Each structure stands twice: as C-alpha cells, then as structure tokens.
Amino acid sequence: MTLWEEGVLQSFPFAESEPQVLETMTSLAHQLGFDYCAYGLRMPIPLSNPPVALLCNYPVAWAEQYTARNYLAIDPTVRQAMKSTSAFVWSEETFSSERVFWEEARSFGLREGLASVCRDTGGVSGMLSLVRSGEAITEIEWQAISARVLQLTEAVHWAFRGLVTPHLCPELNAKLSPREADILRWTGDGKTAQQVADVLRISERTVNFHLRNAMAKLNAANKTEATLRAAVLGLL
C-alpha cells in the first residue's frame, strides 16, 4: 500500500462533519495539483426531485452564483457524468452547449478540470470535480494520477454519504425482511395481494400486513411506490 493510499484510507473514516470531509478532500486535491475541488451527491428518491448535497472550496462568489442561478440544471460536467461510467477530463467539447456558463466559470479561475463518477448499490450517485486555474491536464498527467483520483472519489463518496443520507434519504437505511422483499417483488410483477398470497401460500391478510410494514419503512404512500422505492434503493 502506498503512502497516498494510506492517507486516503486513514483520513476519511474519522471525518465526523462535512467541513472535515471538505478539509481532507481539499488537502488531497492540492497534492494532486488542483486548486479547487467539489463533490456532489444525488439521492435516488424521490424520482421527480432527488435531493442534492454539495461540498466545495470554489470561490465563494462563484458558489453563490452557481446556486442562485441553478447552474446545476445546465452544468455540462454534471450532464456528462450522469451518462458516464468513468472519469473524464474537461474539454472544449464538454462545454460546447453552454458557452456562457463556461466563460463565467473561467472568469472565477475554474479553467482546467476533470470529473470522476461514483454510483453505489443504494442508488446514490456522486461526482468529484478537481479544478485549477493553471495549465491544461495532459494525457501523461492524467495517466499518472487517474488511479489516485478514483481512490479519492470512492473515499469522499462514502464519507460524505454517511453524513448526509440520514436526513436527505433516510429510506436508504431501511431493512426489509425477506418476506417483505419477496412480496414486493411479486407486487412489482403486477400481481394483486390475493395472487401473491396464492403464490406464497399465505393469506391475503398476511400479504397486506407485510405490505403495510414495507410501506412504513420506505415512507411510501402505497404499495406501488414502496415497490419502486425498494427497487431503486437496491433492496430487492
């Protein structure tokens, strides 16, 4: 194990607050040659408006402008990350559809950067951004730091996730019983409570009992929502 790996693995598990995660992330970003860093987390539910959490050391004026103008909705790096399964270095093409946004970011010193994506089995997705105002990121540099970027992404993801999900998405901590999960699977296949009862050789009343329990655990208004949430959260 390298000194870098030891530093990453030993620092984040002890972070007890978001400022501590940011401080550690910033220090490691500087070691990689970047002035700025950010980590954004998006919860898996509700589907229509999933909560987002962000940690960054960007210039305050840019961070405030980014939030006030809801740039998250148009940020090309976020858009690309949502479709990507790997890290990528920013390019002219990345920002070709949002030139005004790009020029505004550059005016605050956010000129060269890269993004690294993490998605976990609970459906939580995250993106690490490492940015600087200086020279471009060359292919040689990227090859040299790519493994460390991925390690940093993973470490920040789980440290930040552990701090924010209890209040942004408490359903992630739901524990379904084997019977509840089984009934939700059959429900997801379109079967009625009576049909599920017939398949499992239990009473319809018992099926509904387990459905109510699952709905309560998942904060769902009905069995359809409970089934969808369980599937999205990786509980089935």
Side-chain angles (χ1 to χ4, degrees), residues 18-19 21-22 25-26 29 34-133 137 149-150 152-154 156-172 219-221 225 228-229 231-234:
E18 293 178 36
V21 174
L22 177 58
M25 177 173 66
T26 300
F34 295 91
D35 306 311
Y36 306 110
C37 57
Y39 201 87
L41 273 180
R42 188 172 73 165
M43 302 299 108
I45 56 175
L47 296 178
S48 60
N49 187 28
V52 173
L54 178 66
L55 281 180
C56 75
N57 73 334
Y58 289 165
V60 174
W62 170 248
E64 291 177 347
Q65 182 171 311
Y66 190 97
T67 300
R69 298 184 181 180
N70 191 29
Y71 278 162
L72 180 65
I74 66 167
D75 189 335
T77 64
V78 174
R79 191 179 305 143
Q80 184 170 339
M82 290 176 65
K83 298 183 292 184
S84 178
T85 57
S86 59
F88 58 91
V89 176
W90 293 1
S91 67
E92 289 287 333
E93 183 180 355
T94 303
F95 297 93
S96 60
S97 63
E98 297 292 345
R99 299 303 303 178
V100 173
F101 170 86
W102 176 222
E103 292 303 324
E104 289 182 0
R106 289 171 64 86
S107 72
F108 285 95
L110 306 175
R111 295 177 174 274
E112 305 293 338
L114 59 84
S116 179
V117 181
C118 183
R119 296 184 180 87
D120 61 51
T121 54
V124 180
S125 58
M127 183 182 79
L128 171 70
S129 297
L130 298 177
V131 191
R132 66 189 179 208
S133 56
I137 302 167
V149 169
L150 295 177
L152 180 57
T153 304
E154 186 86 3
V156 176
H157 181 88
W158 288 105
F160 192 21
R161 183 191 196 275
L163 293 170
V164 303
T165 54
H167 60 272
L168 287 184
C169 190
E171 295 84 1
L172 278 165
N219 194 28
E225 183 183 7
L228 178 60
R229 288 191 165 202
V232 169
L233 298 174

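Hydrogens, waters and symmetry mates are skipped; everything else that's a heavy atom, side chains included, is used. Residue indices begin at 1 and follow the sequence shown. Remember, predicted model here, so these are calculated numbers, not experimental data.
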Any heavy-atom pair between the side chains of [Y] and [X] that's under 4.5 Å?
X: Gln65; Y: Phe108; result: yes
X: Tyr36; Y: Ser129; result: no
X: Thr153; Y: Met127; result: no
X: Leu72; Y: Tyr66; result: yes
X: Glu92; Y: Trp102; result: yes

Please report, to 0.1 Å, the donor-acceptor pairs under 3.5 Å made by any side chain of residues 37-52, with sequence neighbours excluded.
from, atom 1, to, atom 2, distance (Å)
Tyr39, OH, His157, ND1, 2.9

Notebook entry, point to check: Sub-3.5 Å donor-acceptor pair from the side chain of Ser84 to the main-chain atoms of Gln80, do we have one?
Noted result: no
Notebook entry, point to check: Is it true that a side-chain atom of Asn57 and a backbone atom of Asp35 form a donor plus acceptor pair closer than 3.5 Å?
Noted result: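 Between the backbone of Asp35 and the side chain of Asn57 there is a qualifying donor-acceptor contact (under 3.5 Å).
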Next item on the list: Would you check, one step at a time, whether the test side-chain contact (heavy atoms from CB on, under 4.5 Å) holds for Val78 with Tyr71?
Entry: CA-CA 10 Å; Val78 174; Tyr71 278 162; over 6 Å; no
Note to self: Under the criterion side-chain contact (heavy atoms from CB on, under 4.5 Å), I'd like the reasoning laid out for Phe160 against Glu18: C-alpha separation, chi angles, the key distance, then a yes or no.
What the structure shows: CA-CA 7 Å; Phe160 192 21; Glu18 293 178 36; 3.9 Å; yes
Item checked: Within 6.0 Å of CD in Glu103, more than 12 heavy atoms from elsewhere -> yes
Next item on the list: Compare every heavy atom of Met25 with every heavy atom of Leu128, then report the nearest pair and how far apart it is.
Entry: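 Leu128 and Met25 have their closest heavy atoms at CD1-SD, 3.8 Å.
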Checklist line | The single option from Arg99, Arg111, Arg69 passing salt bridge (charged side-chain N to carboxylate O under 4.0 Å, His left out) against Glu104 | finding: Arg69
Next item on the list: State yes or no: are the ring centers of Trp62 and Phe101 separated by less than 6.0 Å?
Entry: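 Between Trp62 and Phe101, the centre distance is under 6.0 Å.
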